[in-house]
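Quick notes on the structure that follows.
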Amino acid sequence: MTIPQAWDLAQRWYGTRLEPDFRRPTIDEAQAIFERVGLTGAFWRL
Amino acid sequence: MPETHESLVAKVRIAVYGAIEATGEAPSAAELARDHGLEPAAVEDAYRALAAAHVIVLQPGTAEIKWAPPFSAVPTGFRVRAGRSSWFAPCAWDAFGIPAAIDVDARIEAVCGWSNEPIPCGVEFGRAYGDAVVHLLVPAAHFWDDIAYT
């Protein structure tokens with residue numbers, strides 16, 4: 001992935017990690033995050 | 001309201017991340033228990049619950065935190081600096097995760113996995129810079145099969 005993709009992914013993945021109500025994304029939510037960032041294809045399939 | 005297992009785990013997670021953000025180091029269960037008036041065994045249980053939920057990673061066979069992603073409690077090849085603070089990250093994705101998690105601009109010190117050349121990158125004015133490509137070795141569905149290798 002490119003640097004802008006890594007930053008986009010990092011913000012979506014870790015943006016709430018320190019928040020009191022953080023929870024890990026479900027598999028469907030994680031897949032949606034990957035797709036939103038443009039990470040598609042078999043490598044990124046959960 | 002009595003403390004539930006869930007609320008204790010959440011309290012411990014917030015305390016771990018608060019400590020590692022402030023110092024770059026992960027607290028031991030005993031330190032965290034002492035600082036927050038908790039039972040050390042209960043904190044160890046919470047560490048194990050967080051590891052089982054893939055929120056943190058423990059040193060094998062211990063209740064010692066190795067990573068609280070995006071932070072690493074052990075030195076790595078990915079160093080993130082913001083102001084006077086610095087942290088280690090487990091990988092390139094997580095190196096960007098630190099400025100994302102704590103909402104700061106940051107310089108990332110990393111080297112190319114092939115050439116060992118420094119890779120200047122980071123976040124400035126909220127935007128990422130750098131023209132490297134981040135390679136992951138393991139497909140997403142298997143990230144947690146062996147997270148240290150991933």
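Every chain is numbered from 1 and lettered A, B, ... according to where its sequence line falls, protein lines coming before strand lines. Since the model is a prediction, treat every value here as computed from it, not as a measurement.
- Between atom CZ of residue B/R13 and atom CZ of residue A/R23 there is a gap of 12.0 Å, rounded to the nearest 0.5 Å.
- Linking ILVMFWY residues whenever their side-chain heavy atoms come closer than 4.5 Å, directly or via other members, places A/F43 and A/I33 in the same cluster.
- In the hydrophobic cluster analysis, where Ile, Leu, Val, Met, Phe, Trp and Tyr join through side-chain heavy atoms closer than 4.5 angstrom, B/F78 is grouped apart from B/I65.
- Closest of all the heavy-atom pairs between A/R24 and B/H54 is NH1-O, 3.0 Å.
- Only the backbone of B/A53 comes within less than 4.5 Å of a heavy atom of chain A; no side-chain atom from C-beta onward does.
- Using a 4.5 Å heavy-atom cutoff, the side chains of A/F22 and B/V55 are in contact.
- The side chain to side chain donor-acceptor pair (under 3.5 Å) analysis of residues 86-101 of chain B, with sequence neighbours excluded, yields the pairs A/Y14-B/D94, B/R79-B/S86.
- If you measure heavy-atom distances from A/Q5 to chain B, you find no contacts under 4.5 Å at all.
- Side-chain atoms of A/R45 never come within 3.5 Å of backbone atoms of B/A140 as a donor-acceptor pair (strictly under, hydrogens ignored).
- For the pair B/D131 and A/I3, the minimum side-chain heavy-atom distance is 4.5 Å or more.
- Annotation: A/E35, atom CD; neighbour count of heavy atoms from other residues, nucleotides and ligands within 6.0 Å is above 12.
- Annotation for B/E25: atom CD does not count as buried by contact number, only 12 or fewer foreign heavy atoms lying within 6.0 Å.
- Note: B/F96 and A/W7 have tilted aromatic rings, judged against thresholds of 30 and 60 degrees for the angle between ring planes.
- Note that CG of B/D103 and CD of A/Q11 are 8.5 Å apart. Values are rounded to the nearest 0.5 Å.
- Atom CZ of A/R36 has 12 or fewer heavy atoms from other residues, nucleotides or ligands within 6.0 Å.
- Taken from CG in A/L18 to CD1 in B/I102, the straight-line distance is 8.0 Å, to the nearest 0.5 Å.
- Under a hydrophobic-cluster definition in which Ile, Leu, Val, Met, Phe, Trp and Tyr are linked whenever side-chain heavy atoms come within less than 4.5 Å, directly or via other members, B/L32 and B/L8 are assigned to the same cluster.
- Residue B/I119 is not grouped with residue B/V133 when hydrophobic side chains (ILVMFWY) are merged at heavy-atom distances under 4.5 angstrom, including chains of intermediate members.
- In terms of heavy-atom proximity, A/A10 sits nearest to B/A100 at O-CB, 3.5 Å.
- Between the A/R17 side chain and the B/Y17 main chain, no donor and acceptor come within less than 3.5 Å of each other.
- For chain A, the nearby part of B/R127 is the backbone; its heavy atoms alone come within less than 4.5 Å.
- The number of heavy-atom neighbours closer than 6.0 Å to CZ of B/R107, taken from other residues, nucleotides and ligands shown, is 12 or below.
- For A/W13, the part lying near chain B is the side chain, with the backbone staying farther off; criterion is any non-hydrogen pair under 4.5 Å.
- Contact annotation: the side chain of B/L136 approaches that of A/M1 to within less than 4.5 Å [non-hydrogen atoms, C-beta and beyond].
- Residues B/I20 and B/I14 are members of separate hydrophobic clusters, defined by side-chain heavy-atom contacts under 4.5 angstrom among Ile, Leu, Val, Met, Phe, Trp and Tyr.
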